[in-house]
Amino acid sequence: MTELKLPSIDYAAISPILIMLGTALLGVLVEALVPRRWRHVVQLTLALLAVLAALTMVVLSADERIITAGQALAIDGPTLFLQGAILVLAAMALLLIGDRSVERGGAFVAQAAVTAESADDRRQAEGRNGLTEVYPLTTFAIGGMLIFVAANDLLTMFIALEVFSLPLYLLCALARRRRLLSQEAAMKYFLLGAYASAFFLFGVALIYGFTSGIPGRSAGVDFATIHAAVGESPASPVLLFAGMALLAIGLLFKAAAAPFHVWTPDVYQGAPTPVTGFMAACTKVAAFGALLRVFQVAFADANWDFTPVLGAVAVLTMLVGAVLAVTQTDIKRLLAYSSIANAGYLLVGVLAPSRDGLAGTMFYLVAYGFSVLAAFAVVTLVRDDDGEATHLSRWAGLGRRSPFFAALFTFILLAFAGIPLTSGFTSKFAIFGPALEGGQAWLVIAGVLTSMILAFPYLRVVVMMWLSEPGESTPTVTVPGGLTSAALMIGVLATLVLGVAPAPLLDLAAGAAEFVR
Amino acid sequence: MSNFPFLSVLTVAPLVGALVVAFLPRHRPELAKQVAFAWSLLVLVLSVVMWVSFNAGGDRFQFRESYSWIPNWGVSFTFAADGIALVMLMLIAVLVPLVILASWHDAESSKRSVPVYFALLLVLECTMIGVFAAADVFLFYVFFEVMLVPMYFLIGSYGGHQRQYAAVKFFLYSLVGGLFMLAAVIGLWVVGGKTFDWQALSQVDISTGTERWLFLGFFLAFAIKAPFFPFHTWLPDAGGAAPAGAAALLVGVLDKVGTFGILRYCLPLFPEASKWFAPWALALGVIGIVYAALLAVGQNDLKRLVSYTSIAHFGFIGVGIFAFTTQAGTGAVLYMLNHGLATGLLFLVVGMLISRRGSALISDFGGAGKLVPVLAGVLFFAGLASLALPGTAPFISEFLVLIGTFTVNKPVAVIATLGIILAAAYVLWMVQRTTQGTLNPALTEVDGMRRDLNLREKVVVAPLIALIVLLGFFPKPVTDVINPAVQATMDDIGRTDPAPSVGGTVQEAAK
């Protein structure tokens with residue numbers, strides 16, 4: 001019996017993960033021990049402080065380039081960049097989640113188990129404070145995402161996937177109003193997510209089988225082993241292709257790429273809007289972080305095999321997102337389809353196999369995250385007595401009633417449409433440039449064509465807000481409290497700054513754009 | 001003085017003015033108008049100083065400035081103006097104050113914020129100046145796209161009937177063209193070695209196939225913007241729905257970005273492809289001349305009619321550009337200026353007529369000259385300038401285009417000449433139906449029709465009339481500036497003018 005050797009762990013390098021997961025556990029204790037009326041403040045402060053602390057650790061270890069915890073975690077440029085992105089965006093999302101001034105008691109249900117549409121339900125919707133379990137749930141999710149982008153083997157990646165997915169399923173179900181819609185969303189997300197996880201796990205098994213079939217090498221699912229095995233160019237790549245396909249399905253599901261996107265509109269619509277924003281920003285970063293690592297590290301040498309397939313997925317995703325966005329009448333569903341189309345653009349970046357491509361994709365993730373969070377922040381503000389007014393017809397003439405917020409939202413929509421001087425334009429450039437350089441002209445053409453289609457729905461909202469007369473039912477915009485204002489302003493300012501002066505972040509991304517193997 | 005950063009100051013100044021105007025209190029519209037007008041005059045003065053310090057016989061590009069912007073992509077704020085750009089900048093500087101003055105009361109009828117209207121006009125001026133002053137392809141693209149936003153709100157918020165439809169159509173058409181151009185811009189960046197500097201890019205050798213695709217990307221954007229047949233359908237809607245002042249800027253300046261872009265970007269950057277596509281472009285130009293003129297004859301809406309005449313004129317400009325002779329090219333650039341003056345005037349006068357009558361339909365007029373003789377006279381003059389009557393500025397440019405084309409391509413020149421006859425038809429018939437003939441009794445019941453041009457309106461039309469007449473008799477100051485730039489562009493594509501076949505007469509005519 002050989003002695004069990006413990007892997008060496010660089011605790012400083014993985015401290016952001018430890019901080020988030022530790023705080024999540026602490027949050028559970030707070031639920032148990034702190035009096036109810038203090039919980040909201042304590043939990044929110046705790047979560048924000050943890051995000052700040054984790055962010056500080058990320059910044060401090062900015063030059064770290066190691067693989068630690070026995071090949072399980074890679075702390076390198078992309079990891080740190082994406083972890084930083086997740087943390088900054090999560091802080092904004094936490095501000096939205098923690099706001100209790102827009103909706104009395106917050107956007108979350110007071111008691112999740114209360115029967116929807118019952119008298120109890122109506123009472124809780126009137127203004128009992130929302131439950132505070134959302135904070136530990138969110139911190140767990142953030143922690144999971146931090147692991148997800150750092151995972152250096154498929155099993156760690158799978159566990160991280162579950163750690164951040166399970167809290168998200170729950171969070172989706174916790175909307176204060178329209179409880180049935182919210183619960184339906186959570187159910188859908190959970191069931192489809194479970195399928196996707198199963199696909200992913202099956203893919204892991206096949207890849208393990210594939211690596212064990214290479215003579216003279218030990219089997220394993222860490223990326224170095226897979227990379228070496230792919231490089232051996234085995235006689236029968238069936239296991240490799242099947243495994244890659246299954247893994248891709250699991251990851252593309254989280255990234256909301258077609259044809260694995262069907263959950264997105266329903267979930268985005270049903271989930272509490274702050275959670276939708278959190279998913280649209282942070283989950284995207286995490287999912288694409290993992291996609292980048294899997295396809296550019298583990299399967300880099302198979303790119304001749306996966307590029308056409310992923311390219312087709314990208315084109316399909318852009319098309320589906322853009323075309324279906326045109327027909328939407330609900331602002332949250334519209335943003336959901338727009339987020340699907342954006343997943344398509346990001347896939348173009350994933351398929352640009354160069355440092356610039358990687359940097360561009362990471363830049364895009366950050367820029368899009370800021371804009372989409374700001375967009376959902378505005379959505380939380382447009383409301384009437386029944387909560388948010390998400391139907392587009394209700395937004396008619398909003399520019400007259402609340403010119404300031406309508407102007408902010410218009411700016412964000414112009415960014416989504418890719419008008420210059422917004423981050424939407426610079427990020428598209430950051431992705432299309434390297435893609436064209438990498439010989440993927442067809443993807444760029446598809447991206448440009450779908451951008452045209454996608455401009456129409458955005459423009460329709462702008463027309464609604466500014467050029468239509470306000471109707472009887474046009475809601476006013478609630479003047480937001482400090483938290484939502486802060487999140488909204490950060491998002492809008494970032495959209496502007498990254499559009500006008502993207503150089504610093506581009507430099508940062510370019511400096512970080514190299515995986516350790 | 002030539003070291004003064006004219007171009008960047010000219011670009012930024014209107015933007016600052018726009019911010020000032022936008023934040024003026026909403027209940028003091030008069031103040032906003034005055035500030036906006038004063039600001040645009042300031043820009044005009046600065047432009048005149050720039051015009052004077054431009055050395056016509058000097059370098060092709062002058063007033064060059066360059067500041068780093070996004071070093072990662074080789075993007076910089078590079079401004080430089082050649083003779084063509086300089087002429088367009090002057091046109092903007094002249095038109096904007098007049099448009100502001102002409103739109104003095106336009107925004108009040110719309111129930112929307114008056115200061116914002118004038119702020120949008122100034123933002124538009126900023127983007128228009130920027131697009132002509134940019135010497136960095138990325139910067140050009142930025143201005144090209146951002147320009148849509150103020151125009152969109154000008155049409156959509158302050159326009160007339162069907163403004164929403166027109167605004168969205170305008171935006172989407174331009175955006176579609178712009179996105180094709182974006183793909184081509186990125187392509188150019190990749191083959192050009194990751195630089196956006198115009199001068200560096202014009203030295204790059206591009207393989208034939210790539211060059212043609214890139215040319216198409218740029219050309220499509222410019223053809224939609226200009227607009228050339230068959231990409232023109234947005235203009236009558238936008239021109240018809242926009243408030244008269246904005247419409248004057250739309251066809252007077254904004255659309256010139258298309259023809260300017262072809263001259264500045266398509267021809268020098270993709271010379272081989274330009275030659276390869278030239279027959280097609282000439283065909284589009286000729287079709288545009290005849291087709292749009294025929295449609296103009298049939299219009300019953302004044303603003304739509306003027307829009308269609310513009311499309312016909314853009315056909316002339318397109319023919320002039322793609323004939324690849326210095327005469328035709330100079331004629332085309334001169335046409336860009338003269339068309340801005342003449343059609344700008346026509347739009348403004350038509351706007352004055354429409355605001356008095358409260359209707360844009362020709363059939364609602366008739367014999368208006370008996371009620372408003374001065375206004376009718378100005379309309380007649382603007383019409384004559386628009387049909388290129390000898391003695392008005394557009395005549396020179398149209399003539400130059402035709403003879404320049406005739407030396408290399410007779411059939412095109414002959415068909416294009418038909419456009420002159422049709423122009424006489426649509427202008428004269430329009431003038432006859434609105435201001436001549438028996439007085440439409442309904443007109444006498446409209447209060448507005450009893451007021452002839454007031455002092456403000458006279459101040460608006462007088463400079464334009466003066467310029468049209470002046471340039472009609474003495475275009476030399478402008479052609480001196482344009483000629484070297486056009487010559488350089490023709491050198492870029494490697495075309496020399498054919499030797500004059502009849503000893504010197506053609507050369508004489510050009511002078």
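In what follows, every chain begins at residue 1, and chains take the letters A, B, ... in the order their sequences are listed.
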Checking the side chain of [X] only, and the main-chain atoms of [Y] only, is there a donor and an acceptor separated by less than 3.5 Å?
{"X": "A:W466", "Y": "B:G156", "value": "no"}
{"X": "A:R460", "Y": "A:V326", "value": "yes"}
{"X": "A:S451", "Y": "A:G447", "value": "yes"}
{"X": "A:Q328", "Y": "A:Y337", "value": "no"}
{"X": "B:K303", "Y": "B:A242", "value": "yes"}
{"X": "B:E211", "Y": "B:A273", "value": "yes"}
{"X": "B:W69", "Y": "A:V500", "value": "yes"}

Is the closest side-chain donor-acceptor distance between A:Y458 and A:S338 under 3.5 Å?
->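 Checked: A:Y458/A:S338 side chains pair up, N/O donor to acceptor below 3.5 Å.
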
Taking atom types as modelled and ignoring hydrogens, do the side chains of B:T233 and B:Y173 form a donor-acceptor contact shorter than 3.5 angstrom?
->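 A pair is found: one side chain offers a donor N or O, the other an acceptor, under 3.5 Å apart.
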
Is chain B contacted by the side chain of A:I419, its backbone, both, or neither, given a heavy-atom distance below 4.5 Å?
->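 Looking at A:I419, just its side chain touches chain B.
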
Toward chain B, the part of A:L449 with a non-hydrogen atom under 4.5 Å |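 Just the side chain, heavy atoms under 4.5 Å.
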
Can you confirm whether [X] sits close enough to [Y] that some side-chain heavy atom of one is under 4.5 Å from a side-chain heavy atom of the other?
{"X": "B:L250", "Y": "B:L235", "result": "yes"}
{"X": "B:R264", "Y": "B:L269", "result": "no"}
{"X": "A:W395", "Y": "A:F409", "result": "yes"}

Do any of residues 188-197 of chain B have a heavy atom less than 4.5 Å from a heavy atom of chain A, and if so, which, in residue order?
->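 Within residues 188-197 of chain B, near chain A: B:W189, B:V190, B:K194, B:F196.
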
Could you list which of residues 125-143 of chain B have a heavy atom closer than 4.5 Å to any heavy atom of chain A, in residue-number order?
->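 Answer by number: B:F138, B:Y141, B:V142.
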
Toward chain A, the part of [X] with a non-hydrogen atom under 4.5 Å:
{"X": "B:W213", "answer": "neither"}
{"X": "B:L179", "answer": "both"}
{"X": "B:V75", "answer": "neither"}

Mind checking whether B:F171 and B:Y152 have parallel, tilted or perpendicular rings, split at 30° and 60°?
->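 Perpendicular.
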
Parallel, tilted or perpendicular, as decided by the 30° and 60° cut-offs, for the rings of B:F270 and B:F218 |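 Tilted, since the angle between the ring planes falls between 30° and 60°.
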
Pairs in or reaching into residues 502-514 of chain A: which pass salt bridge (charged side-chain N to carboxylate O under 4.0 Å, His left out), with residues at least two apart or in two chains?
->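 Those involving residues 502-514 of chain A are A:R355-A:E514.
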
Give me the contact list for residues 421-443 of chain A versus chain B, heavy atoms only, anything under 4.5 Å, ordered by residue number.
->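 Expected list: A:L421, A:F425, A:T426, A:F429, A:A430, A:F432, A:G433, A:L436, A:E437.
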
